[in-house]
Amino acid sequence: MATSLEPIVVLSLIVGALAALVFAGVLAALIVFTIRFRDPRPGSVPQIHGHRGLEVAWTAAPLALLATIFALSLVTLGQIGQGATFGSLEPPVHVTVVGHQWWFEFRYPGGAVTANEAHIPAGVPIELDLGSADVIHDLWIPELGAKSDIVPGQRNVLRLFTARPGTFSGACAEFCGLEHAWMRVLIVAEPRADFERWLRSQAAPASGQAGRGLEVVRSAVCSSCHVVRGQLAGTSIGPDLTHVGSRATLAGGVLANTDEGMRAWIADPQRYKPGALMPRVPLSAADLDAVVAYLRSLR
Amino acid sequence: MSADAAVVPFARDRTLVGVALFIASESLFFIGVIAAYVVFREQGLATARAQLDVGRTALFSVLLFASSGTVGLAAARRSRAWLALTALLGAAFLAGQGLEYARLLGAGLRPGSELFGTTFFTLTGLHAIHVLVGLVLLGTLFVASSARPRRVGHAAWEGIAMYWHFVDAVWIVVFSVVYLGTVAG
Amino acid sequence: MTAAALVRRPGAFATAGVLRTVDHKDIGILYVLLGVAFLAIGGVEALLLRIQLASSGLRVLDPSTYDQLFTMHGITMIFLVAVPLLVGFANYVVPLQIGAPDVAFPRLNALSFWLTLFGGVLLYLSFVAGGAPDAGWFAYAPLTEPSHAVGSGMDWYVFGLAVSGAGTITGAINLAVTILLGRCPGMVMGRVPMFTWMVLITSFLILAAYPVLTSALVMLLVDRQLGGRFFDPAGGGNAVLWQHLFWSFGHPEVYIVVLPAFGMISEIVPVFSGKPLFGYRFVAGSGIAIGFLSFSVWAHHMFAVGLGDSENAFFSAASMLIAIPTGVKVFNWVATLWRGRIRLAMPMVFALGFIATFVIGGLTGVSLAVVPIDLYATDSYYVVGHLHYVLFGGTLMAVFAGLYYWFPKVTGRLLGHRLGLTHFWLTLAGLTLAFLPMHWLGLQGMPRRVWTYPPGLGWEWSNLVSTVGAFLIAAGAIVLALNVWRSVRGGEPAGDDPWDAYTLEWSTSSPPPAYNFESIPRVRGKRPLWDRAHPDRMDPE
Ligand code: HEA
Ligand code: HEA
Ligand code: CUA
Ligand SMILES: [Cu+2]
């Protein structure tokens, strides 16, 4: 199949059509009867109290309809649920997802760590192992179908699939506090070879241009929350910045990852993502430029 | 305007039906809390085994169970003597709970110290509060029935007795789940 | 102190009797006024949400304000609008329908009302006392644990809901006992008007559901005030336990706020069709079925939590089953129209509107009960669309129908028909524009509870339409307010029975005297007034 969304679409179309029929039926009866039997004059009509046969009929018919829908839903569940292969013979690729307020962390086997942007191979089932660092989040990439909550103290798995390469935008779907709205995510599906290349480069330590920018980042508080593997030892409270330059967006999608975007974010995160857990770190204009240049060079 | 007086057609025991519904609803409240205790039972079992004093609590529980009998007699005979004894037994039970709490708090167990503390104090505490309310009701009934016995209808006696039986019944469940639960696997 | 005074001297009603009154009719009116006041508040909150969402990237509200507003909007509309409005109608109408002079416990009745009001006040005090609750109306842990919710908002949530909940429980006890023991001679259960039937079932649902919420609230309070760990995974607790407890209350709650609405429709449709309710026994029976089923479906709010496929399948099947008894009701209403003599007075107009809009909401509900569809649509605007179709297109449309139906009984005056139609069409157009596009937004991928959204996803237009619709609804509400004001001061006198209705409330004066009836009535059928008017063609037994 094309994507893990496909089976859901098929089922939805069937259910939607049936629902539309039911609604059309009820509405038609409502309108026709109202027009046909409208009569403001006083006087009375035959008093009909009920009809057992009809009651049986309109209990049985919906039952049959719902039984069908339920059966179909089990089929679909089998196609997208645990262990689904989506018709692909490849073994699934595993990615660990950690939900944070308010950003997604992605960890790959082999050491690659990234934030808010994950690459996946097209044509291969992806198995996401979902965990949370704080509250309940939920990973949803609409174009890839089902979502799953990310519950602290519980390990959920979500299987997704796409046959065609492309960039799919998604978001955190479970309310998780102030910036739930800006907890967005990009999934980049690419041919296996490109994916492997990307994975290697992400696993490699940072090769950013050393110099002024690096000095500032080292001396400023950045390292108390960020890590740049190979160049900045720190604690990873915030996103791993080793290859931050290679991402399309910043801070869950609030800003494009351009020189301007990067400068804007570092200069005042609260202005673009009020409530985000990164403080405004006062830097001189010169230092700011250097830091931006350095971070952008982390490709 | 005394509206109650005007409500002609109601069966005389409507108060009792009301109390019954209230108790039914209360029991669902306890089912919620007990369910939570059971969910976390495993995590707390070790501490429960180590800390809880099953024997002595069983002793005090017997007093509470007995008070169900005495309140029954009190209601049946409109007897303030039996009423007083009921209250006495209830108070004794609470005292027992007090001792148990004191010992556990002394051993450093707190609602926040560990999961077992949270579930234990919440469940037993909520029951204790209900016993306390029951004692207040018994006391009020005692005073009212000595002040002007005629104005205290059988609904008051029966209703309060029903509530006391309920508080007792809840303890049977709580005692089994929390205390006997430590003995059984 | 009777309802009539409200019409003649509103001032007197406000000051004199109100604080002391225990008359079920006055209490009923107080409940409805409470509901309307909070409808205005919750509605204005909604309008603010809609303004903020009218387009992408707006900064009318900051995230923290937005979160407080959508949370309070949800809580207000469910606990302080839907429930009080329905309980209010039940308080006023039920004793009259069963030929009783008052409810079983008039003083308790007053207490219930004041508890509900006090609970609402507590909730709104939070705004001035360091921030309103901001974790959504179902307040998922651990976001509500002290580690994440530092303000006092969640504590106000606990106290507000616990207190108003206590009022709701005592109110339910009162209504249940009244219906069980207060019926006049001849009023066997098989003759009880359908509205009273649904109120009885609702009362039992309240008695079973609300205590579970209270227990969850107490545990949350222990976590917040005594350092407990029930719902905090970091402390060994379990965040999903809160969801189970909340929804085993929360789902019955949604039927609590719709069954009395079904009852109203089951009164109005027959009267304005000049026929008895089609399939009385089945309409009552299906209500009981819904009552029982509603306790076995709660986890359909948790399909994405990861309970496991078989658990999900079970709750999915149970949820779908509820469509069947609900359908039985819908079909019986439609069948009641068949070969009737239909008068399109305002109550009937709103009743027909209710059937159309509610069925839409019900069908989207069924689609959400289908696990794979829910895994896509859950926590998206599709759900927001569903819940407004059933709550506004359902509950509130029925409340409007009931208002136009019983207003003449309460005040002795009819509401204007022209303004009524304006109110109806504004409301219908408004709710369609406001809530239909939400389904589409959800399917396009818009999550719910977002204070803003990025440009470039093509969500602006649907959101703008939705905002416009919201203001149409508000305009309709203002027309209603105008209509009420007009008829209170000099509307057309109604007489005892302006509708040729069937049930006992229409046999006494409008407004009814204290204790309702000169002498306790005695009935021999489902439609006492019909029997009286047509001795030759009385209802068969
Ligand atoms: C008045 C309140 C009300 C009512 C009556 C309903 C009715 C139903 N609801 Fe709804 N629901 C809510 C209020 C209500 N709901 C709210 C507030 C939420 C959101 C909570 C939150 O997250 O904030 C919600 C959410 C909700 C969810 C969870 C969505 C999610 O968060 O992922 C689900 C899933 O199963 C659901 C299902 C249903 C079903 C199956 C019905 C059924 O009872 C509907 C039955 C009626 C019909 C089906 C129409 C008439 C029937 C016929 C014409 C017969 C023929 C029909 C068929 C054969 C299909 N509802
Ligand atoms: C009965 C229930 C009910 C009702 C009637 C409404 C009515 C409305 N709701 Fe509500 N809504 C909920 C129950 C309800 N809602 C619930 C349970 C939620 C979930 C909350 C959560 O996620 O936690 C929700 C969430 C919700 C959201 C999603 C927020 C989010 O997820 O980010 C939105 C967004 O547009 C919204 C909009 C509206 C609008 C525009 C109306 C309009 O119908 C309102 C129209 C305005 C009025 C009716 C007021 C009119 C009155 C005046 C203008 C004053 C005039 C004076 C008098 C009438 C006396 N609602
Ligand atoms: Cu993370 Cu919403
Ligand atoms: Cu539900």
Side-chain angles (χ1 to χ4, degrees), chain A residues 7-8 11-12 15 19 22-23 26-27 29-30 33-34 37-40 43-50 54-55 58-59 62-63 66 69-70 73-74 76-77 80-82 135-136 138 140 142 145-149 151-154 156 171 173-181 253 274-275, chain C residues 62-64 67 136 140 142-143 148 233 238-240 274-276 278-280 282 304-306 309 313 316-317 320 323-324 327-328 330-331 334-335 337-344 352 355-356 359-360 363 366-367 370-373 375-376 378-380 445 447 449-454 537:
Chain A
I8 300 180
L11 182 66
S12 307
V15 174
V22 172
F23 177 63
V26 174
L27 193 65
L30 213 55
F33 291 1
T34 306
F37 301 110
R38 178 162 182 201
D39 182 356
S44 63
V45 293
Q47 301 295 297
I48 309 164
H49 291 271
L54 277 172
E55 301 288 350
W58 59 50
T59 306
L63 181 60
L66 290 164
I69 294 175
F70 181 67
S73 78
L74 292 184
T76 311
L77 214 50
I80 63 171
Q82 263 117 51
V135 301
I136 301 181
D138 182 299
W140 185 30
K147 60 170 70 69
S148 170
D149 287 353
V151 184
Q154 180 177 321
N156 286 354
E174 187 63 77
F175 181 69
C176 52
L178 275 184
E179 282 301 350
H180 162 65
Chain C
D62 59 67
S64 135
D67 295 349
Y140 276 1
L143 198 57
H148 296 288
N238 182 339
V240 178
K275 284 175 56 197
F278 197 90
Y280 173 97
F282 295 90
V305 169
D309 286 353
S316 167
M320 291 184 189
I324 292 165
V328 168
V330 171
F331 295 132
V334 174
L337 300 172
W338 170 251
R339 300 188 53 200
R341 184 180 281 270
I342 296 173
R343 293 170 291 158
L344 287 182
L352 295 172
I355 297 177
V359 168
I360 296 179
L363 292 169
V366 171
S367 72
V370 179
V371 178
I373 298 180
L375 289 180
Y376 180 88
T378 186
D379 288 319
S380 82
R449 299 170 160 185
V450 291
W451 71 277
T452 186
Y453 52 94
R537 357 195 337 237

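Values below: every heavy atom of this structure, side chains too, minus hydrogens, waters and symmetry copies.
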Over all heavy atoms of both residues, which pair between [X] and [Y] is shortest? Give the atoms and the distance, please.
X         : Y         : answer
Pro274(A) : Trp451(C) : CD-CZ2, 4.2 Å
Gln154(A) : Val305(C) : NE2-O, 2.9 Å
Val334(C) : Ala29(A)  : CG1-CB, 3.6 Å
Leu337(C) : Phe37(A)  : O-CD1, 3.8 Å
Asn156(A) : Ala304(C) : ND2-O, 4.3 Å
Ala313(C) : Leu74(A)  : CB-CD2, 4.1 Å

Given that the side chain runs from C-beta out, which part of [X] has a heavy atom under 4.5 Å from chain C: side chain, backbone, both or neither?
X         : value
Leu178(A) : both
Leu63(A)  : both
Ala171(A) : side chain
Gln47(A)  : both
Pro46(A)  : both

[X] versus chain A, heavy atoms under 4.5 Å apart: side chain, backbone, both or neither?
X         : answer
Leu363(C) : side chain
Pro63(C)  : both
Asp67(C)  : side chain

Check your understanding: Can you find a heavy atom in the side chain of Val370(C) that is under 4.5 Å from one in the side chain of Ser73(A)?
Key -> yes
Check your understanding: Is there side-chain contact between Pro142(C) and Ile136(A), with heavy atoms separated by less than 4.5 Å?
Key -> yes
Picking from [options], which has the most non-hydrogen pairs under 4.5 angstrom with chain C?
options                                 : value
Ser44(A), Gly153(A), Ser148(A), Pro7(A) : Ser44(A)
Thr34(A), Thr59(A), Thr76(A)            : Thr34(A)
Val45(A), Val15(A), Val22(A)            : Val45(A)

If I take atom [atom1] from residue [X] and atom [atom2] from residue [Y], how far apart are they, to the nearest 0.5 angstrom?
X         : Y         : atom1 : atom2 : result
Leu143(C) : His180(A) : CG    : NE2   : 10.5 Å
His49(A)  : Lys275(C) : NE2   : NZ    : 9.5 Å
Ile373(C) : Leu11(A)  : CD1   : CG    : 4.5 Å
Asp309(C) : Leu77(A)  : CG    : CG    : 4.5 Å

Review point. More than 12 heavy atoms of other residues, nucleotides or ligands under 6.0 Å from CZ of Arg339(C): is that the case?
Key: no
Practice item. For atom CZ of Arg537(C), decide whether the heavy atoms of other residues, nucleotides or ligands shown that lie under 6.0 angstrom number more than 12. Key: yes
Review point. Ring pair (Phe, Tyr, Trp, His ring centres under 6.0 Å) with Phe282(C): which residues, sequence neighbours excluded?
Key: none
Chain A contacts, top residue of [options] (heavy-atom pairs, under 4.5 Å):
options                         : answer
Tyr453(C), Tyr280(C), Phe331(C) : Phe331(C)
Pro372(C), Pro233(C), Pro454(C) : Pro372(C)
Val366(C), Ile360(C), Asn238(C) : Ile360(C)

Practice item. State whether the side chain of Lys147(A) and the backbone N or O of Thr378(C) hold a donor-acceptor pair below 3.5 Å, judged by distance alone. Key: yes
Review point. Do the ring planes of Trp140(A) and Tyr376(C) sit parallel (below 30°), tilted (30 to 60°) or perpendicular (above 60°)?
Key: perpendicular
